[in-house]
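Report on the following structure.
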Amino acid sequence: GVALAQRRIVTDQANLLDAVAEIGTPCVVKPVDACHYLFDRKAIILREADEAAAALPYWPAEHASLCVQRFVDGPRHDISFAAHRGRLIGAVDCKVLQTDRQDGTGYTTRLVSTRPHPEVARGVEAIVRALNYTGVGDIEFMVDERSGDVSLIELNPRLSASFKSAEVCGLPVSRLMLQLGLGMAPPEVADPWAYPVGRRTVWT
């Protein structure tokens, strides 16, 4: 039940080029194993079909598989959250305004807290519930603000640098991480999505 753009997982160069042709452009090619970059990048956006051979000239040996996915054009949304036994305790959606790469595929440098798209909020709650999640984490979505199209990027069961944005908005993610890790009872929260909108943070 989580919004997810069409994708294919591929394991060799021929299937990679076939998947790009099948899914069409624009599409994004990204590692399945985030421990390794793809040609020194986190992801490669292909705007036109004839870009594939130049951008991906050979299969990178350090990757067993790659993901080819229909590109959802819009800002990335980083959601820092805390949950206990499948129940969301708190979450803050911060829209990425800038990364250290011009095409938006780099590390986040500027964020602003925003109200989550309904599909994003439903997706976060569905993932937390399905995994019976206890702890903190970071979930990322792409949101096309013109069409309303939404797609899950990934779930990280750890804190990313954007957790500071959540703390600026009043969600004490680092304290909750310790409390949940120690087995302490989490706080009762009426609305896990209650936080101020428009709070800006910058990573320098």
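On a predicted model such as this, the values are computed, not experimentally measured, just so you know. Numbering of residues begins at 1 and proceeds along the displayed sequence. Only this structure's heavy atoms are used, side chains among them; waters, hydrogens and symmetry mates stay out.
Looking at heavy atoms from C-beta onward, V92 lies out of side-chain contact with S165 at the 4.5 angstrom threshold. Two residues are said to be in side-chain contact when any heavy atoms from C-beta on lie closer than 4.5 Å; L56 and L38 meet this criterion. In this structure, I127 and L152 have side chains that are in contact, with non-hydrogen atoms separated by less than 4.5 Å. A heavy-atom distance below 4.5 Å is not found between the side chains of R175 and E167. At a threshold of 4.5 Å between non-hydrogen side-chain atoms, the residues L66 and K30 do not count as touching. Proximity of I153 to H77: side-chain heavy atoms (C-beta onward) are nowhere separated by under 4.5 Å. Using a 4.5 Å heavy-atom cutoff, the side chains of L180 and P186 are in contact. Counting heavy atoms from C-beta on, the side chains of S147 and D73 never come closer than 4.5 Å.
Put simply, V143 and V2 are part of the same group of oily side chains (I, L, V, M, F, W, Y) that touch within less than 4.5 Å, one to the next. L159 and L111 end up in different hydrophobic clusters when Ile, Leu, Val, Met, Phe, Trp and Tyr side chains are linked at under 4.5 Å. No path of Ile, Leu, Val, Met, Phe, Trp and Tyr side chains, each step under 4.5 Å between heavy atoms, connects I23 with L4, placing them in separate hydrophobic clusters. The cluster map of Ile, Leu, Val, Met, Phe, Trp and Tyr, joined by side-chain heavy atoms under 4.5 Å apart, puts L17 and I44 in different clusters. Side-chain heavy atoms closer than 4.5 Å link hydrophobic residues (I, L, V, M, F, W, Y) into clusters, and following such links, even through other members, never connects V20 to V28.
Salt-bridge formation is detected for the pair R41/D103: a Lys NZ or Arg NE/NH1/NH2 atom is positioned less than 4.0 Å from an Asp or Glu carboxylate oxygen. Using a 4.0 Å cut-off between charged side-chain N and carboxylate O, R8 and D18 make no salt bridge. Between E119 and R122, at least one side-chain N (NZ, or NE/NH1/NH2) sits under 4.0 Å from a carboxylate O, which counts as a salt bridge.
Nearest approach of L46 to A55, heavy atoms of both residues: CD2-CB, 3.8 Å. Here the closest non-hydrogen pair linking E145 and P75 is OE2-CG, 3.5 Å. Residues D149 and V72 come closest through the heavy atom pair O-CG1, 3.7 Å. Taking each heavy atom of A5 and Q69 in turn, the nearest pair found is O-NE2, 3.1 Å. Annotation for V10 and L16: closest pair CG2-CA, 3.9 Å, computed over non-hydrogen atoms. Pairing each heavy atom of P31 with each of H63, the nearest pair is CB-CE1, 3.4 Å.
Annotation: R7, atom CZ; neighbour count of heavy atoms from other residues, nucleotides and ligands within 6.0 Å does not exceed 12. Applying the 6.0 Å contact sphere to CZ of R158 captures more than 12 heavy atoms from other residues, nucleotides or ligands. Environment of CZ in R115: crowded, with over 12 heavy atoms of neighbouring residues, nucleotides or ligands closer than 6.0 Å.
Counting only residues at least two apart or in different chains, ring-ring contact (aromatic ring centres under 6.0 Å, His included) contacts with residues 114-166 comprise F81-Y133. Applying the ring-ring contact (aromatic ring centres under 6.0 Å, His included) test to every pair with at least one member in residues 176-204, sequence neighbours left out, gives no pairs at all.
With values rounded to the nearest 0.5 angstrom, N15 atom CG is found 12.0 Å from I9 atom CD1. Atom CD of E140 sits about 5.0 Å away from atom CG of D138, to the nearest 0.5 Å. Taken from NZ in K95 to CG in D78, the straight-line distance is 12.5 Å, to the nearest 0.5 Å. Summarising the geometry, atom OG1 belonging to T109 is positioned 4.0 Å from atom CD belonging to Q98; distances are rounded to the nearest 0.5 Å. A distance of 14.0 Å separates NZ in K42 from CG in D40, rounded to the nearest 0.5 Å.
For R76 and T108, the side-chain atoms include at least one donor-acceptor pair closer than 3.5 Å.
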Intermediate values then yes/no, side-chain contact (heavy atoms from CB on, under 4.5 Å), T25 and R47: CA-CA 6 Å; T25 51; R47 301 282 180 182; 6.0 Å; no
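F39 and Y58 have perpendicular rings, their planes meeting at more than 60° on a 0 to 90° scale where under 30° would count as parallel.
Judged by distance alone, the side chain of S113 and the main-chain N or O of P196 form a donor-acceptor pair under 3.5 Å.
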